[in-house]
Amino acid sequence: MRFSSSYEPGEYESDIYAAWEASGIFNPKVPTVPIDNNSDGSDDRVKKSNQTFSIVMPPPNANGNLHIGHGLTIALEDSLTRYYRLKGDSTWYIPGADHAGFETWVVYERELEKQGHTRFEYSRDELYARVWDFVAKQRGNMELQLRALGASCSWDDLTFTLDENVIDRVYTTFEKMWNDGLIYRGEKLVNYCPKHQTAFADIEVEHQDEKGTLWDIAYQYDGGEIIVSTTRPETLFGDAAVAVNPEDKRYQNLLGQKVKLPLTDREIPIIADEHADPEFGTGAVKITPAHDFDDFEVGERHNLPRLQVIAENGTMVNVPEEFNGLTTTECRKKVLKTLKEQNLLRGERKIDHAVAHCYKCGTTIEPMLKEQWFIDVKQLAKLAIDAIEQDKIKFHPANKKNILINYYKGLKDWNISRQIPWGIAIPMFRKVDLSATDEPDWIFDRRTNLQEIEKAGVKYVRDEDTFDTWFSSSHWPIVCTDWDENNFSPYYPLNVMETGADILFAWVARMIMMGLYVTGEVPFKEVYLHGLVLDEHGKKMSKSKGNVINPMDLVTKYGSDAFRLGILRGRSAGMNQAFSENSVIAGRNLCNKLWNISRLIQSMTDETDINFEVSETVPREGYDPSEMSEAHDDGSERMGSKKLQNNINYTSNNMGEDWICREINECVSQVEKDMKAYRFAEAVEVLYQTIWDKYADWFLETQKVYKNIPLLKTTLETLLITLHPFAPFVTETIWQNLSWTEGFIAAAKWPSKLKFDPISAEEFESIRTIVSEVRGTLQALPGTNNVKKYGLLYDNDSIVNENMLIIKNLTKVPSINSLNGNPRGLRIALANHEIYLDVSEDIVMEYKETLTEKILSVGKELDALNARLMNPNYVDRAPAHLVKETRDGVKEKESLINRLKQQLELI
RNA sequence: GGGGAUUUAGCUCAGUUGGCUAGAGCGUACGAUUCACAUUCGUAAGGUCACAGGUUCAAGCCCUGUAAUCCCCACCA
């Protein structure tokens, strides 16, 4: 016996993974043109394979640990990959690791702080080298965790986001964009975090509603004043105008009037602009083009000067002496105090307003005037919109299609500069010698390892900034599949892009634009987006709430398969859904069930081999999967219940065999459909039910009476292979332990359909009905331990007669005997067979009430069916097969009621 | 302000082009127990499918409206 009595995943998983990895089955095969695959019936998969299946892993942070979202990602992606591998496709699941520019930088900077240093003590190149070492030391954890989760990816092809080929590709794109005029350097307001001292894309900023104060300040002029409302009095030093709405009657006469900026000697004009909302505050608003996004636009419309008054470290500059160098908070206090003293502060009120925060440290984002590199996104967005509107990419869930199109339509130019050292250097060099007027101010050059280059005798220095990580990430499908302009790649576009719905805009949207721009093709044919994994109460997981579930803990506790099965259950595309340990326990139980099923079948096989040497005489050829085909409707080739020779115990006609073949076929088809439609939870569900409720609880119980070893083997193999994509470890472990299987299940062939006799299969249903009703009736009878008390009687019923042993085993009744004479006891009415529970009249009397209730409930069902038939519109308009179904139903219910009534009369 | 979702059993969710007599897992109750598995087996209870209208022979599903919950985008001087 090779199997221990329960499945202990920890004992096998790492060895199994190591064996897979060493075997090379995770590496992609070279796809080839199909060569006449019918003539010789050749089974060589590589030769036949002309299909590719490619998928990339959204690269986890190279120096981080996997969280629950990664666990879901891997469960989804690896199930797909393994499924298509079993289907015979050349599969390529490409793993990745992310330098995670800003994330890692934040961690590193904290590390520096702990050591009592700051980033400003080092040059950009020194910092880059230091972070590289830091990451190298941390790296590897997450790769081990990916293996523990069973990710069947091609490790030789792991791509790191700072690999040379990635940087090369990014520079090539940047150069192309530069030459195409899609890149420009602009002085714009950017979201700036004074703590991290870097700019952010709009998407990286988090808005939060906060209580704030709105102050009214008087801006005076000769003979009058205008009251402006502001939440940011400290920025008044940068004011360039006061704006009022052109429609606002109150201020018509003031347009063009110059007012004196408080606390200064400067004069600014009152202008008309729609930005000013007459309903808000006093209807007059101060315009600070250098420190507010709206004001920046107003400034552009009216050609106002942009005066910077807040420096990059968050302190005041270009302001009167007494305010200079103060932080914004200090400055606000002082400004308010001074205004009050000068009697210019006219009121204040509390308001709710949204404030932008750094998504990492929570510091208030300061809109800052900076020169940055921007991508003009109009053309790129159009490429993407066109492709999506032409359905070149299919979305799961489907509603993301329009959401994405809307996003592209409102997309603003993309700031790709970041002021952090940890990232890909921007390959642009600035002219130092401004007297060389004929030369361009900026030139593109790949030599970013140099700080300074010389071209045509002119010196240029490298831009210190690095790329936004999303700029390089947007090339991910291109770089992972080794696509290039000359050779393309048979794996590009990817079959599917699987990632979190939360980065639809940040990543998916940009990959689509970039893929189309660089290759002319969409980067993937389908997109599957998963939602957030919430805690068991449907709340977001967070460290502060303490409800974070670590996937690796669950893997250790219950096994990788249990985790995968658990996290896939009850999950559908794009939805944020709850997750609890219970679902993992259910998965673990399934693995254990399968383990014990296999243990039983192996022991049956061993026993047969020893006692009867059946393996020599069994008509095994009938079950060779390679020769299996669709079942014949006429049942002419009935393989499921083929009798075994040379063994008196086995000369049976077990209809459960045909039935299980039918059910397994149905299950396999359903899994195929579900995988095509990305319905992972449904695929797992149907497998769960087939394996447990049908195979173990019914079929195997019949096999304890009549063994059909070849069929047991075939059906077990079929179920193992079909479950393998979702539970790779336990299926492989079993496969390796079974005495008759060869190779890796991970590289096995997807099962073909089993042959069976549909009539037998259907007849087995009535056995199931009999058994269920006997069980139910026994439970409902008064007293306990009824199972042992009462036998069954049958009258002239061939189905019961032929399946007596099976019924006996399934119901556990002590005896089944032919009824001699008049019927007695309690009739098992549902299945319409002549079968009775041999109970005394007293017991039957006590059952009377139950029987009456049953008649009533069936009567209700009958009434409902009849009511439908009484409706002439139904009979006329509903499809014929439904009407027939209803009529058959009526007959069935009527005869059931009759049988029940007869029973009642007998009492 | 713009957009997207969700609402079905105590909990978490299925329910695909309308055919439903609405399912599953967990939980609950009752019963079982040597011979694959207590990580087990059997049986059962549990639902006005959020609400109100409409379309249809037929609505959990389609249409209109309402309510609640959640998410995204933009903006809030």
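Given the structure is predicted, the values throughout are model-derived calculations rather than measurements. Lettering follows sequence order; numbering is per chain, from 1.
- Between A:E581 atom CD and B:G25 atom P there is a gap of 20 Å when expressed in whole angstrom units.
- In this entry the distance linking CD of A:E701 with C1' of B:C41 reads 9 Å, nearest Å.
- A:K286 comes within 4.0 angstrom of nothing in the nucleic acid, heavy atoms only.
- Geometrically, A:R332 does not engage A:W215 in a cation-pi contact, judged by NZ or CZ lying under 6.0 Å from the ring centre and within 45° of the ring axis.
- Atom CD1 of A:I585 is separated from atom P of B:G25 by 16 Å (rounded to the nearest Å).
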Going by atom type alone, with no hydrogens or angles, which donor-acceptor pairs under 3.5 Å involve a side-chain atom of residues 854-861 of chain A and a protein atom two or more places apart or on another chain?
| from | atom 1 | to | atom 2 | distance (Å) |
| --- | --- | --- | --- | --- |
| A:S857 | OG | A:K854 | O | 3.3 |
| A:E861 | OE1 | A:K893 | NZ | 3.0 |

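- In summary, A:D295 and A:K286 do not engage in a salt bridge, as defined by a charged side-chain N under 4.0 Å from a carboxylate O.
- A:K704 has a carboxylate O that lies under 4.0 Å from a charged side-chain N of A:E701, or vice versa, which qualifies the two as a salt bridge.
- The interatomic distance linking A:Q602 (CD) with B:C37 (P) rounds to 16 Å, in whole Å.
- Side-chain atoms of A:K400 and base atoms of B:A5 include no donor and acceptor less than 3.5 Å apart.
- Base pairing in RNA chain B yields stems of at least 3 consecutive Watson-Crick or G-U pairs, both distances under 3.5 Å, namely B:1-7 with B:67-73, B:10-13 with B:23-26, B:28-32 with B:40-44, B:50-54 with B:62-66.
- Interface remark: the A:R775 side chain does not form any donor-acceptor pair with the B:U43 base, using a distance-only criterion of under 3.5 Å.
- Look at CG on A:N589: it is 18 Å from P on B:A24, rounded to the nearest Å.
- Nucleotide B:G4 holds its C1' atom 16 Å from the NZ atom of A:K401, rounded to whole Å.
- Straight-line distance from the CG atom of A:L568 to the C1' atom of B:A24: 16 Å, rounded to whole Å.
- Nucleotide B:C13 holds its P atom 8 Å from the CZ atom of A:R571, rounded to whole Å.
- A salt bridge does not link A:R679 to A:E685: none of the charged nitrogens lies less than 4.0 Å from a carboxylate oxygen.
- Classified by interplanar angle (parallel below 30°, tilted 30° to 60°, perpendicular above 60°), the ring pair A:F200/A:Y359 is perpendicular.
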